[in-house]
Asker: 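Below is the structure I would like to discuss, written out as structure tokens.
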Amino acid sequence: MGAEKAFQALATQLHGADDRTLLKLVAVVDQLAKRGSLDQLLDEHRARLAVIRPPRPMTLGRLVVLPLEELLIDGAEWTPGMTRVPRDRLGRLIELVLEAIDPDLRRGAASQLAGKSMHDSALALDVGREIWPAAGLAADAILARGRQTRDTELRELLTPLRIMQNLMPVAESLVTTIWSLPDRPMLALEPAGRARIGALLALASAQGRDCFLLTAELLVARTELPLAIIEAVLDGELELADRERQQASAMIAEACQNEMVRLFRSVSLLPAGTGPSALVGPLRTLVANLESLQEVAQKVKFDHRELRRLKAEVFTLIEARLEASLGGALLHAFGALDDDTKSADCRALEAHAMAAANMRLMAKRIGLATKIDFVFAKALERFRAILEEAAGPGAGPMGATMDRIRIIELLFDSRSAMQSLTRLRQLAHAARAREPA
Amino acid sequence: MARDDRQHRHLDLAERSVGLPFTTPLISGAKARLVATGGVELLAPNPSGQLGYYVMDLRSLRDYCQLTVHDELLLEKLLGVDVVTPATVRRAAREVAMEGAAGRDAAAAAKRAAERDAAIVNLTNYLMLMRLLRAVGIDERELQRSGGTGRAVQLEIKRRLTSLSPRLGMTADEVIDTVGDIAFYAAAIGFADGELETRHRRVLERLSPFAADMRHWAALETGESKECAEQIADCAGWTSNKVAPLIADCQVRLEDIPELVRAWRHDRGALKGRFALPDWLLDGWPEILALWDSASGDGRAAQRAVAAQIQRLMPLAQTQAEGRSVEVMRVKGTMVHSRLVKLHEDWRTGVVMGGIRARTEALRAGVA
């Protein structure tokens, strides 16, 4: 089998793989010295891998980039100059940095990591304390010669190298702070979390402006709560004057807003038939950031008109996608449910329903609640009509009916679902009463 | 009083509560307990997430919060049962799950669990009858050699038991009924030399390792989280230490079936209580163990949240002994919790409607 065919076969296998098989395949890929395009294959499954958390072997390369993890993005999304690290260039970046580290230190660290997994956080910190400062110095040295180079590959790595150069001096604090934060999505940060972020920003500000701004950007990416970061910048004990604090906050807000505009454009371009489950993640990020930015709007100077425009556009997008989904794919799948429907399909439909309900709540936060409630009220009538028709005389057993009740519950609410169930019981009772004795 | 005794002083069944497997996040971890007047009280964890429970009549639950369809159906069943015990709650919950109210996976798991339990009860019943015959000098292998149908074997057992009636002081039918009654409780306990993986044995075997794991995990924690994990580990260790001898005592009684049958007939209440006690003490632990398993691959932050959720599921007696309050709350028909509405409408976590509920349903499927 040619390499191309083998690649395709693996891609197909990954797509249909259950969690256990996916973990096995990832373990095989992790064993390879040269991963190349295999990393691209895994990129498509990163969201799933983040949930099932395979134990990844701890390697020196993985440890070096651990502090930058929140800034990693898909290669396709990255453009030179963007303060993010593209995954598809990570291999080369690690290679360059490790080459520039003292070989004895490198070998010693590698031998400590042998056979360990990334779950061993104590070891990661122990070895990281030695390797991160060295990686920062290595990035510094490569940057010095890289600025004059004509090597395009190296030139494209200048921004990731600059990120590494600036963040490595605060790497330990960065990693421990990130670990201490609650998992995504975060509703709000507790005082202890804010204090830890404040301490990290103070440490970063003492390292210089670039380190401070990159740390702030990384924290925004991790928390998706610019408010928490901007508050820490405005009120924290930092080595920054008031004016600089204002400037830094405005930069964070502006950067966040630009990121939201970019995200909005990419979501708008998704095909019309994209299901709610695929939309809900990016929309959640969009709405959370819009709300967060709105809260700091009074304290920080940035383009408020752009913020309002973006809010209106996001609302319109959610409304249109919900209308299409409730009257199209979701309704159709709801009608097609029967006892032969596979459990996996049933679960997928439930996930779509849950995502659509979530989108409704998002829309209510940034737009007219009555408008979005009207969309759902009309949809409920259509869903109920299908339910009653399918559960009518001569219909199949209760199984699919209960599946439909669950979908109504997830999509609308449990009150609507109970009303539907009560109505079905009344209809069944009336039908029995009409039967001849 | 030693710390361990102080923490776990409530052993009386009347004081113990039964965990209710609700899927509505606000009442996840709620418990029911009998009251002197004959009604059933619901103890719902403080909705603010702070310490303490709210106590209300089970019938007022619908006024307290909007229930999921699963919980509406479960409540209907619970209001119809004569006595609230771990066994009756388990049966009601299984029936609701089998209707599909907690999803297809939970329905299939509940069906499998009901079939497995029924098979174990039948097998225990049969083995007890065989032991009874052996104890009075009848070679049960003759019955097995006869090769008849189940019905034929039953009739043969009955015929042979008739000859024992004077010795046991009861008719053959009474003996068979009593053995059947005991088998219902003994099935979860099993015989001392039995190889059957009974429900209690399955849970008990995991309690001590779980306590050790929790202590190990707590070693890297600080503050409230550490305290919470240590309490859970203490409670698991205590439960294991208490339940093991209780089960051993029941197994000793199962060694002498004729005597057990006679004693059961004479004082059913006391013996039934003794055989049912492990079920009360182990109530809620399968869910706790499954919950901790489900978080095994998660990060520390997620595990901390799960530990807090486990604390809500711990036996109420433990919670009270820790000095936490049980507040009586009068529930009115018009009551609306602003916090509930906010949580219910929270789109950013999606957790209230989605995550927590889905996790609870998945757990239900796992521990049906």
Side-chain angles (χ1 to χ4, degrees), chain A residues 23 51-55 119 121-122 179-188 192 224-225 280-281 283-285 287-288 291 341-344 346-347 350-351 353-355 357-365 398-403 405-406 408-410 413-418 420-422, chain B residues 23-25 49 62 65-73 75-76 96-109 111 219-225 295-306 341-355 357-358 361-362 365:
Chain A
L23 289 179
V51 176
I52 56 179
R53 292 172 192 264
H119 285 170
S121 42
W179 283 346
S180 72
L181 295 173
D183 283 344
R184 281 200 196 93
M186 277 187 232
L187 245 187
E224 294 173 358
L225 283 173
V280 77
L283 285 174
R284 182 188 286 132
T285 306
V287 177
E291 272 205 319
T341 308
K342 287 180 186 159
S343 288
C346 215
R347 274 198 297 272
E350 286 183 359
M354 224 184 304
N358 228 317
M359 280 166 63
R360 174 193 194 174
L361 299 174
M362 287 180 204
K364 286 169 87 164
R365 299 288 281 246
M398 186 70 176
T401 302
M402 195 47 96
D403 289 336
I405 292 285
R406 277 173 62 79
I408 290 181
E409 181 177 27
L410 292 169
D413 58 15
S414 34
R415 199 182 303 273
S416 305
M418 268 320 285
S420 304
L421 188 60
T422 308
Chain B
T23 57
T24 308
R62 288 190 183 98
C65 64
Q66 177 64 49
L67 299 176
T68 59
V69 172
H70 169 275
D71 293 354
E72 283 279 358
L73 299 180
L75 183 61
E76 272 176 22
V96 173
M98 280 194 277
E99 285 178 38
R104 288 192 175 196
D105 292 340
K111 188 164 176 280
L220 287 175
E221 290 296 300
T222 53
E224 272 184 28
S225 170
S296 63
D298 291 349
R300 285 226 153 224
Q303 287 176 333
R304 249 170 245 138
V306 168
V341 172
K342 272 187 189 170
L343 275 172
H344 210 62
E345 296 235 328
D346 203 293
W347 53 269
R348 254 185 297 199
T349 60
V351 164
V352 170
M353 278 304 291
R357 198 184 126 165
E361 287 178 353

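By convention in this document, chain letters (A, B, ...) are assigned in the order of the sequence lines, proteins followed by strands, and residues within each chain are numbered from 1.
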Asker: With rounding to the nearest 0.5 Å, note down the distance linking CZ in A/R347 to CZ in B/R104.
Answerer: 10.0 Å
Asker: Measure A/S420 against the heavy atoms of chain B and call it side chain, backbone, both or neither at under 4.5 Å.
Answerer: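 Interface part for A/S420: neither.
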Asker: Can you say whether B/L73 sits under 4.5 Å from chain A via the side chain, the backbone, both, or neither, judging by heavy atoms?
Answerer: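 For B/L73, the side chain is the part near chain A, not the backbone.
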Asker: Is it true that atom CZ of A/R415 has more than 12 heavy atoms of other residues, nucleotides or ligands lying nearer than 6.0 Å?
Answerer: no
Asker: Give me the atom names and distance for the closest heavy-atom approach of B/T68 to A/S414.
Answerer: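 It is CA-CB, 3.8 Å.
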Asker: Within a strict 4.5 Å, meaning less than it, do heavy atoms of the A/L421 and B/E72 side chains meet?
Answerer: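 Heavy-atom side-chain distance check fails, nothing below 4.5 Å.
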Asker: Taking all heavy atoms of B/V69 and all of A/E409, pick out the closest pair and write down the distance.
Answerer: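 Heavy atoms only, the tightest pair is N-OE2, 2.7 Å.
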